[in-house]
There are 2 protein chains.
Amino acid sequence: MTSEQTHDKIMEATHTALCKQGYGGLTMQDIANEAGKSKSLLHYHYDTKADLLVTFIEHLLDDFEDRVAVTEDASPQDRLLSFIEWFIIEPHEEERAAFHLALLELRAQAAFNEAFSEQLRASDELLRETVASIIREGIGDGVFYDVEVEPLAAMIIATLDGARTRQITLSTDWYTETVCTQLISALQTMLFVDSEVVTPRE
Amino acid sequence: MTSEQTHDKIMEATHTALCKQGYGGLTMQDIANEAGKSKSLLHYHYDTKADLLVTFIEHLLDDFEDRVAVTEDASPQDRLLSFIEWFIIEPHEEERAAFHLALLELRAQAAFNEAFSEQLRASDELLRETVASIIREGIGDGVFYDVEVEPLAAMIIATLDGARTRQITLSTDWYTETVCTQLISALQTMLFVDSEVVTPRE
DNA sequence: GCTCGCTGACTGACTGATCAGTCAGGACTC
DNA sequence: GAGTCCTGACTGATCAGTCAGTCAGCGAGC
């Protein structure tokens, strides 16, 4: 098996192991077991556990960039709505919930690890800029009010992140769904020029 | 020293140790050191580390309930604004940031610990209900539009939580401040009947 | 007023388990 | 035979939890 293939297998195994054990309970042995390889092999490819995990986050961010970069040619409203709905974790998506839970633990470690921190800041920037560019486009098209773009983008991301965090940490089903609906309704009032929904504003 | 005094000292030491070490790096020895006692004493008072931490969360929630219960007799608008600003973590509040970071790690463990989970769900309920009751009062007084109360309260909490989480995990100064300002401006549009421009803070 | 027995608070030294990381060497190419 | 990929057995460190025992205080009996 080539180094490349092994690398991919280890990344995949890390993902699976993280979902099963969480970040706190994750051991090199767990990853090795998932990969069907020996623990020593992990140390052959990566010096330390921290190195392996930094590589894993980089790998995640690369994936994520690819997925975000796929810009459909829909209207700004639709693109914004799709973006928001993309955050919803449905009750049956257990693996996704487990993974975001592990990611939450990992994010909390960023304060103690500069390499983690760097990656996470980049992903934050990417998320906010993705939303900001949709809003800017909408303003340019005249379909969104001329709001302050960056703060609104930050609020949208914070709201979605908060809802997801609460859904997975409190083991509730409804948080992202409820909050996304509410957020969309708020945006229709404050952002969408031509809102089909009857709103308090007039 | 009485059992009561020792208990208080251990809770305080746990708080300090959590701020210094985070949840992941927290050992019984750390807590013992902070308390100026032996590690054996901790096990004398609490069977296991998990027991100690469950007691600590209960202790936190009790404190929290006391603080939330203090309802000033201000207007619903002002009470809502105060509540929101209460979440802002200023750059100089390093201990508070460190504590919320540890709390975040702890929250992520709730999925694996029913006792943690119970406490956190209660605090979520308390937070949402606090906001909901302010909104209900505002609607009753005719100063807020007749919105759906519970989803809006959930969104407000999610937004504040998300902003705080991102501020502390990404080591940025501005997240809560920016998002709170944006949230207040959103609420003025969609909730406040008589929306005079209110500037947050100062 | 003094000792004796008892208890609750507390300690230091220890144990057993768990893990990250090491190392000598095996197997399989080219 | 040189290099790459990989392994099992090992080590050293770290920690939660245990255990035998110390010590101050206190009430009872004399």
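Naming convention: chains lettered A, B, ... in sequence-line order (proteins, then strands); numbering from 1 in each chain.
Residue contacts shown for A:Leu26 are limited to sugar-phosphate atoms, with no base heavy atom under 4.0 Å away. Heavy atoms of A:Ser40 sit under 4.0 angstrom from at least one base atom. A:Thr27 comes within contact range of the sugar-phosphate backbone alone, with a heavy-atom separation under 4.0 Å but no base atom that close.
Side-chain contact between A:Tyr23 and A:Leu53 is present, with heavy atoms from C-beta onward closer than 4.5 Å. Between A:Leu80 and A:Leu191 there is a side-chain heavy-atom pair separated by less than 4.5 Å.
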- In sequence, state the C-alpha distance, the side-chain angles, and the governing distance for B:Arg107 and A:Glu105, and then conclude on salt bridge (charged side-chain N to carboxylate O under 4.0 Å, His left out). CA-CA 9 Å; B:Arg107 285 166 63 191; A:Glu105 295 180 78; over 6 Å; no
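Here C:dA13 presents its C1' atom at 14 Å from NE2 of B:His43, a figure rounded to the nearest Å. The CD-C1' distance, from A:Gln5 to D:dT4, rounds to 14 Å in whole Å. Spacing between atom CE of A:Met28 and atom C1' of D:dG12 amounts to 17 Å, rounded to whole angstrom units. In this structure, the NZ atom of B:Lys9 is 13 Å from the C1' atom of C:dA9, given to the nearest Å. A straight line from OH of A:Tyr46 to P of D:dC6 spans 11 Å, rounded to a whole angstrom. Look at CD on A:Gln29: it is 9 Å from P on C:dC19, rounded to the nearest Å. The nearest whole Å value for the distance from the CG atom in A:Asp51 to the C1' atom in C:dG21 is 12 Å. Here D:dC6 presents its C1' atom at 18 Å from NE2 of A:His7, a figure rounded to the nearest Å.
Residues B:Ser117 and B:Arg121 have side chains that bring a donor and an acceptor to within less than 3.5 angstrom of each other.
The side chain of B:Tyr44 lies closest to C:dG8 when the candidates are D:dC5, C:dT11, C:dG8.
Taking only side-chain nitrogens and oxygens, B:Thr6 comes nearer than 4.0 Å to OP1 or OP2 of C:dC10. Within the structure, a side-chain polar atom (N or O) of B:His45 is placed less than 4.0 Å from OP1 or OP2 of C:dC10.
Between B:Arg79 and B:Glu137 a salt bridge is recorded (basic side-chain N to carboxylate O distance below 4.0 Å).
In the interface, the side chain of B:Lys49 is not paired with the base of D:dG17 through any donor and acceptor atom under 3.5 Å apart.
Each of B:Glu4 and B:Lys39 lies near DNA chain C, and the nucleotide nearest B:Glu4 is the one positioned closer to the 5' end.
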